[in-house]
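Here the structure is laid out as structure tokens; the discussion comes afterwards.
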Amino acid sequence: MPYNQPVTSPASILKDTFGYDTFRPHQREVIENVLARRDTLAVMPTGGGKSLCYQIPALLFGGLTVVVSPLIALMKDQVEQLRAAGVPALFLNSTLSTETYAAGMEHIRRGEAKLLYVAPETLLTPRIFGLLDALQLDLLTIDEAHCISEWGHDFRPEYRQLVEVRRRYPRAVCLALTATATPRVRQDITRSLGFAKSNEFVASFNRENLYIEVAPKTDALQQTMRFLRRFKDQSGIIYCFSRRQVDELADSLAAKGFSVLPYHAGLEDHERHRNQKAFIRDDVQIMVATIAFGMGINKPNVRFVLHYDLPKSLEGYYQEIGRAGRDGLPAHCLLLYSYADAAKLKYFISQKSGEERRVAQQHLDTMVDYAEDQSNCRRTPLLTYFGEKYPPAGAETTKCNNCDNCTSTPPVLENITLPAQKFLSCVRRTGEKFGAGHVIDVLRGSRAEKVLRHEHDQLSTYGIGADLTEKQWMHLARQMLQQGYVRQEGEFNTLSLTEKALEALRKRAPILGQMQEVEERPRNKAARQTEQEYNHALFALLRQKRKELADEAGVPPYVIFSDKTLVEMAAFYPQSADSLLNISGVGQVKARQYGEAFLVIITAYCQKKGLPEQQSKTTRRTKSDEGRRYVAVGEAYNAGATLAALMEQYAVAAGTIIDHLARYIAAGNRLRAGTDFESLISCSPAQQQAALQAFKELGTAFIKPVFDRLNGSVTYDDLKTLRLIYLSRSS
Ligand code: ADP
Ligand code: ZN
């Protein structure tokens with residue numbers, strides 16, 4: 001039976017078939033252009049939503065849409081996703097058996113599919129030409145269109161011949177899509193495909209939902225484990241420099257109980273495929289990989305990308321972190337940087353010659369500049385590199401508020417002369433022959449075998465640093481290195497004093513730096529705050545159901561529903577088929593096929609916990625509505641809900657509740673008197689008084705002036721709480 005789509009509009013297909021309310025930037029324009037049969041080049045970042053740009057027209061055209069894709073693994077994935085949404089699509093490539101291939105051809109011949117995915121070499125065969133000759137081809141989509149250009153990073157000669165297809169089917173409009181194209185490559189694409197009157201759309205490459213962070217690499221394994229613990233049950237990728245490193249790290253993490261598998265070109269084909277599949281299907285949480293991993297991965301719910309080693313170029317780095325957060329939910333990208341890694345790469349580069357060496361060196365320099373920059377927004381160099389101005393002209397602020405440099409509070413420098421002198425003296429007394437670890441052992445009076453063997457327990461500096469923890473000393477050691485008081489050399493990272501240190505010791509010159517607090521405060525508050533508020537327990541139940549359904553159907557979980565869809569379910573508790581259709585990513589077909597299974601879980605959970613359905617979606621997305629949450633929180637608090645109860649109900653940290661309540665007051669409401677918040681404060685009563693006084697004098701609109709007034713002695717978290725106390729007393 002030929003598939004007949006009733007006459008309808010792009011917006012209604014977006015909603016009914018794909019379950020989305022609004023178009024992403026440029027999607028609508030691209031779709032309208034294609035429908036007007038004007039050849040189109042669309043350049044959009046990964047996760048920008050390129051697929052809908054041809055999938056929606058495909059459903060509106062009477063004839064067939066052919067999608068040329070070089071990535072065989074992705075074809076299957078796309079087709080599975082389309083079928084789950086009720087769209088008849090299929091793919092033809094060399095991996096299919098003769099029978100399946102023939103059956104596919106037959107379906108197409110009978111007009112039973114709207115979309116046909118093919119590899120370029122398949123398309124260019126007489127067999128497929130014969131098939132298409134007898135049909136109406138309306139849209140020819142070229143995915144990964146940069147492959148057509150020798151100037152691109154992934155040139156494929158077959159792509160050059162696609163112009164033959166254009167000549168043969170002049171009636172079909174052509175849509176070229178890519179995520180990477182310099183102006184030169186763009187020109188190459190339109191020229192090679194014989195575009196005449198065409199239009200180009202270039203979307204911003206800024207991926208707002210990615211939190212971008214660079215951290216000094218100190219103890220990479222420990223840092224990695226600490227990072228991973230924040231992403232319980234969530235998917236992520238760790239990129240390493242070498243195959244060996246991948247294997248070692250995967251082993252170490254597995255030994256610590258993390259759910260990891262390795263991926264690199266040195267593994268047997270079947271093993272590589274198996275590991276990749278396990279990752280895609282959420283059977284394993286973390287992929288430790290070389291950069292060989294990622295092309296051809298469409299997984300939308302990658303929550304983090306960790307660079308364990310320094311990438312070779314900014315371009316590669318941006319592509320790799322771009323694999324996180326395709327679903328638009330917050331994702332975290334962390335790069336662990338050490339100068340030693342840069343030096344290692346430098347060494348590799350020095351083995352090369354000529355132009356290759358020059359280019360590689362240039363890439364590395366740009367990368368190092370990026371990693372060492374501690375003041376500018378991370379997005380500025382990244383986007384500038386891709387020819388985009390950031391912050392965009394007319395922006396109100398230069399900060400993105402979603403990278404480490406934009407969210408960190410400027411370091412407050414303290415006088416650290418005394419501990420610094422102790423450290424430097426101890427480096428000297430131990431003969432400038434040891435690394436920081438040993439020096440610190442001596443300072444802290446350790447009975448380690450190595451200390452005793454060298455009789456370092458006899459030194460005058462032995463045990464004079466027992467007042468600080470090992471971590472605090474490490475932090476100080478790094479600053480000594482960064483500030484040029486010591487240098488680090490050789491295989492064992494031996495420390496020795498510089499002229500600057502000798503002079504400082506001689507003159508007893510003051511040394512400024514940062515003292516680490518004993519309790520490490522969780523970093524990157526901003527990233528936590530952008531997290532959606534949803535019921536994590538319910539989410540876990542829904543996720544489990546999704547996995548069951550996916551395994552039954554033999555598809556990746558995201559084919560059933562994206563994380564974003566489950567997050568919305570766990571935030572708005574839809575309890576009827578109608579409200580389910582209001583959830584992002586739930587179209588008609590999916591609602592019919594899977595709706596029941598999820599509704600049962602949501603309803604049962606909500607009944608048990610006495611949770612009502614939350615307000616309808618149509619109003620929910622607006623800014624004013626986001627604000628509604630603070631009203632709900634404020635009202636619940638005034639009605640007697642405790643801070644702990646609110647944290648539980650909304651599954652958020654205390655800080656988020658504090659923020660809501662502060663907004664509630666700022667909107668002119670009063671808050672009931674209570675002592676709930678005092679337990680959250682960690683500073684002394686005197687500091688509290690000083691802070692309250694500062695709010696009185698400086699106003700409560702901003703925290704920073706008060707923070708500065710108190711010389712950074714009271715943390716931001718405390719100040720937020722104190723501001724709320726101040727406001728609730730004076731309101
Ligand atoms: P790209 O091919 O550009 O990397 P995709 O087409 O795979 O991006 O889309 C990325 C994700 O965003 C997919 O999960 C897709 O379903 C989702 N998506 C696309 N368009 C929209 C939209 N308008 N609203 C919400 N989600 C969308
Ligand atoms: Zn920024």
Side-chain angles (χ1 to χ4, degrees), residues 10-11 13-15 17-31 42-56 67 69 71 74 77-78 80-82 84-85 87 141 143-145 175 177-180 201 203-214 294-302 319 322-329 331 333 370 373-383 390-391 395 397-408 524 526-527 530 556-568 583-587 590 621:
I13 294 182
L14 180 72
K15 178 69 190 154
T17 304
F18 297 100
Y20 301 135
D21 287 327
T22 47
F23 284 108
R24 293 235 177 108
H26 294 300
Q27 278 180 330
R28 181 194 294 277
E29 293 86 333
V30 171
I31 291 168
V43 187
M44 291 180 169
T46 309
K50 286 185 282 299
S51 317
L52 289 189
C53 292
Y54 60 83
Q55 289 168 349
I56 289 180
V67 186
S69 163
L71 303 164
L74 274 196
D77 196 84
Q78 293 270 14
E80 279 172 352
Q81 295 197 51
L82 282 170
V87 178
T141 300
D143 206 1
E144 313 287 345
L175 169 63
L177 297 165
T178 174
T180 50
F201 297 90
S204 165
F205 273 62
N206 183 15
R207 302 276 312 281
E208 287 175 0
N209 60 322
L210 303 184
Y211 180 81
I212 307 176
E213 179 182 7
V214 180
M295 263 293 250
I297 301 287
N298 218 352
K299 191 173 166 63
N301 59 335
V302 174
Q319 223 171 62
R323 293 180 181 134
R326 278 180 182 228
D327 52 13
L329 292 177
C333 310
Y370 168 83
D373 187 340
Q374 291 185 12
S375 50
N376 298 302
C377 175
R378 297 279 176 211
R379 286 179 158 74
T380 303
L382 283 175
L383 292 168
Y390 192 89
T397 146
T398 55
K399 287 182 183 289
C400 75
N401 278 325
N402 207 22
C403 77
D404 51 358
N405 287 349
C406 288
T407 54
S408 70
N524 124 54
T530 54
Y558 58 78
V559 167
I560 310 277
F561 282 131
S562 71
D563 275 14
K564 178 152 185 143
T565 302
L566 300 194
V567 162
E568 289 207 352
I583 297 292
S584 172
V586 184
K590 284 196 183 179
R621 285 165 177 273

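Just follow the structure's listing: the first ligand is 1, and inside any ligand the first atom is 1. Numbering starts at 1 and runs along the sequence shown.
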Protein contact to atom 8 (O) of ligand 1 [nearest heavy atom, distance to 0.1 Å]: G49 N, 3.2 Å
Looking at R28 and P10, would you say the former's side chain and the latter's main chain have a donor-acceptor pair under 3.5 Å? no
Return the closest protein heavy atom for atom 1 (P) of ligand 1 as residue, atom name and distance. G47 N, 3.5 Å
Heavy atoms only: which of Q78, R24, M44, K15 lies closest to atom 22 (C) of ligand 1? R24
Would you verify that at least one protein heavy atom lies under 4.0 Å from atom 25 (C) of ligand 1, or report that none does? yes
N405 side-chain N/O to D373 backbone N/O, donor-acceptor pair under 3.5 Å: yes
Got the closest protein heavy atom to atom 20 (N) of ligand 1, with its distance? Q27 NE2, 2.9 Å
Tell me which part of K564 gets within contact of ligand 1: side chain, backbone, both or neither, using heavy atoms under 4.0 Å. neither
Shell check on the Zn ion (ligand 2): protein N, O or S atoms less than 2.8 Å away are C377 SG, C400 SG, C403 SG, C406 SG
Residue pair I56 / F23: nearest heavy atoms and the distance that separates them: CD1-CE2, 3.9 Å
Which of the numbered atoms in ligand 1 are below 4.0 angstrom from a heavy atom of P45? 3 (O)
Which of the atoms of ligand 1 are close to T22, meaning less than 4.0 Å from one of its heavy atoms? 22 (C), 23 (N), 24 (N)
Atom 14 (O) of ligand 1 sits nearest the protein heavy atom P300 CB, 4.1 Å
Short version for L177: what comes under 4.0 Å of ligand 1, heavy atoms counted, is neither
Report yes if some heavy atom in the side chain of F205 is under 4.5 Å from a heavy atom in the side chain of V43; otherwise report no. yes
Side chains of N402 and R378: donor-acceptor distance under 3.5 Å anywhere? no
Say whether, by atom type as modelled, one donor and one acceptor occur between the side chain of K50 and the main chain of Q27 under 3.5 angstrom. no
Closest approach of any protein heavy atom to atom 13 (C) of ligand 1, naming residue and atom: Y20 OH, 4.6 Å
Please give me the minimum heavy-atom distance between T398 and P391, naming the atom from each residue. CA-CG, 3.8 Å
Counting C-beta onward and ignoring hydrogens, is there a side-chain heavy-atom pair between V302 and R326 closer than 4.5 Å? no
For R326, counting its heavy atoms only, list the atoms of ligand 1 lying under 4.0 Å from any of them. 4 (O), 7 (O), 10 (C), 11 (C), 12 (O)
In chain order, what residues pass the side chain to side chain donor-acceptor pair (under 3.5 Å) check against R207, with sequence neighbours excluded? none
At under 4.0 Å between heavy atoms, which part of F23 makes contact with ligand 1: side chain, backbone, both or neither? backbone
Atoms of ligand 1 under 4.0 Å from any heavy atom of T46, numbered from 1 in the order shown, are 4 (O)
Check whether N209 reaches the backbone of L329 with its side chain - one donor and one acceptor, N or O, closer than 3.5 Å. yes
Go through ligand 1 atom by atom and flag the ones less than 4.0 Å from a non-hydrogen atom of S51. 2 (O), 5 (P), 6 (O), 7 (O)
Residue pair K590 / G585: nearest heavy atoms and the distance that separates them: CD-O, 4.1 Å
A324 and A331: which non-hydrogen atoms are nearest, and at how many Å? CB-CB, 3.8 Å
Could a heavy atom of G48 be found less than 4.0 Å from some atom of ligand 1? yes
The criterion is ring-ring contact (aromatic ring centres under 6.0 Å, His included); which residues satisfy it with Y390, sequence neighbours excluded? none
Please list, chain by chain and in numerical order, all residues satisfying side chain to side chain donor-acceptor pair (under 3.5 Å) with D143, sequence neighbours excluded. none
